[in-house]
2 protein chains.
Amino acid sequence: MSTKSIKSKNDFSTEEKIKNAARIVFHKKGFAATRTRDISEESGINLALLNYYFRSKENLFNIIMLESLQGFFQSMSSAFNDETSSLENKIEILVNNYIDLLIENPDIPIFILSELRTNPKELISKIDIKKVLLKSYFFKQFQSYVKAGKITPIHPMHIMMNLAGMIVFPFIMSPGLKEIGGIKQDEFNKLMLQRKAMIPKWIQAIIKVK
Amino acid sequence: MSTKSIKSKNDFSTEEKIKNAARIVFHKKGFAATRTRDISEESGINLALLNYYFRSKENLFNIIMLESLQGFFQSMSSAFNDETSSLENKIEILVNNYIDLLIENPDIPIFILSELRTNPKELISKIDIKKVLLKSYFFKQFQSYVKAGKITPIHPMHIMMNLAGMIVFPFIMSPGLKEIGGIKQDEFNKLMLQRKAMIPKWIQAIIKVK
DNA sequence: GTCTATATACGGATAGAC
DNA sequence: GTCTATCCGTATATAGAC
């Protein structure tokens, strides 16, 4: 309505169009099953332009993968390395952030994990997960809670696995649930929103001393 | 040492050699990234014999997938549909069976799930998961426990997700953990064996009324 | 920058000798 | 049943006109 034009949704540069389409197709089908033709069709651009802008399919893939890794782990890193919040708080923030993120981008985890299985070395070196996970303030804090007798003494990796499993795994199995369980998209999302409140409580129940 | 010869590990028919190699390679790389040449090299047989015995790569894949699905879900089905065991018992059996299964075959879940994401319809019709999950005796039993006030009233799907997440997800993320966390195979397996005892207790803590 | 046409490589599958 | 050699479709990438 204003005289200054609003950017319409087709108002992307060719390069952006290709990247957006590549993200969608790579996330859905993985590197090997994706054809450059799929990306050109998804984006509406000419096939040759993909190589003009990105040199090769593999190069384009690496760009998408790097951005996906960063997008996925930055929330974790910021939640885990905040030195002002309590352990309980960190968990709440993490669960909230990730369920929101995954409702918007449900294909990211299976994309990362299935590519990771083939290429481990190169991909993982792109993101310093040691820093995000094992050297995080969350880990230190967990250990100090154990020492103080506040929580039951187990390897903090178990809590990481439980958190990741409870948050991420439902999204990974959702194609199966929808196809066979007959669970529809909005039912699924409703369940996931319920989990935002429940997972932190469950984790508390698991780690508290009896 | 006996006069009757023991079957040596190379004493497989050509058909078996191909299937065994195909299982390994498909599980590790998925359908699209697997070349028939990879399978022939892994098995040591001639490339042309793959088509002689199995007609096509796709046909061979379908055989492997069907067997993998059956192998993965039969334990679940038998544990969930045993009408004699308690809910607590079913969970213990399930956790035990699956962690053993996954330590032996850690690639099965990511294989099934990543193929599922591309082909949902055909694959899933091969196994009646509705029967295994949603119509299982486990589900009915869960509902009756809720009615009796023994456990907190939530959608049983949440428990399914938590179980699956706690059991299966660590194996899916293990390539990442090993590569970056610097966690070695035997450390990982030790953690998984710890979880055999812990997961049932955690699930109890989650579902019990406060 | 964008298009059409094409070069080139690769992978699944088969023909045909043994 | 097993091998070698090869066919042929498909997919990535590029050349070159506009």
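Letters go in sequence order (proteins before strands), and every chain restarts at 1. Predicted model, so just to flag it, every value in this text is computed and none were measured. The basis for the numbers below is simple: all heavy atoms, side chains too, and nothing from hydrogens, waters or symmetry mates.
Below the 3.5 angstrom threshold, one finds a donor paired with an acceptor across the side chain of B:R37 and the base of C:dG12.
Side chain of B:R35, nearest nucleotide from D:dT12, D:dT2, C:dG12: C:dG12. For B:T14, whose side chain is taken as the heavy atoms from C-beta onward, the closest listed nucleotide among D:dA13, D:dT2, C:dG1 is D:dT2. Counting only heavy atoms from C-beta on, A:T36 has its side chain closest to D:dT12 among D:dC3, C:dT2, D:dT12. Listed nucleotides: C:dG1, C:dA13, D:dG1. Nearest to the side chain of B:Y52: D:dG1. Candidate nucleotides C:dA15, D:dT14, C:dA13 were compared by shortest atom distance to the side chain of B:A48, and C:dA15 ranks first. Listed candidates were C:dA13, D:dT12, C:dG1. Nearest to the side chain of B:L47 is C:dA13. If you check D:dG1, D:dA13, D:dT4 against the side chain of B:Y53, the one that comes closest is D:dG1.
Contacts of A:F54 with the nucleic acid, taken as non-hydrogen atoms under 4.0 Å apart, are absent. Residue B:S40 is out of contact with every strand shown, counting any heavy-atom pair closer than 4.0 Å.
Here the P atom of nucleotide C:dG1 and the CD atom of A:E15 are 8 Å apart, to the nearest Å. Note: CD1 (B:I39) to C1' (C:dG11) measures 12 Å, nearest angstrom. The nearest whole Å value for the distance from the CD atom in B:E41 to the C1' atom in C:dC10 is 14 Å. In this structure, CG of B:L50 is placed 15 Å from P of C:dG11, rounded to the nearest angstrom. In this structure, the CG atom of A:N51 is 18 Å from the P atom of C:dT6, given to the nearest Å.
The cationic group of A:K178 lies under 6.0 Å from the six-membered ring centre of A:F188 and within 45° of the ring axis, placing it in a cation-pi geometry.
Relative orientation of the B:F61 and B:F31 rings is perpendicular, given thresholds of 30° and 60° on the angle between their planes.
In this structure, A:E92 does not pair ionically with A:K196, as no charged nitrogen and carboxylate oxygen lie closer than 4.0 Å.
Side chains of A:Y137 and A:D82 form no contact here, defined as non-hydrogen atoms less than 4.5 Å apart.
Between B:N46 and D:dT4 there is a side-chain polar atom (N or O) within less than 4.0 angstrom of OP1 or OP2.
Panel note: side chain A:S77, backbone A:Q74; no donor-acceptor pair is recorded below 3.5 Å.
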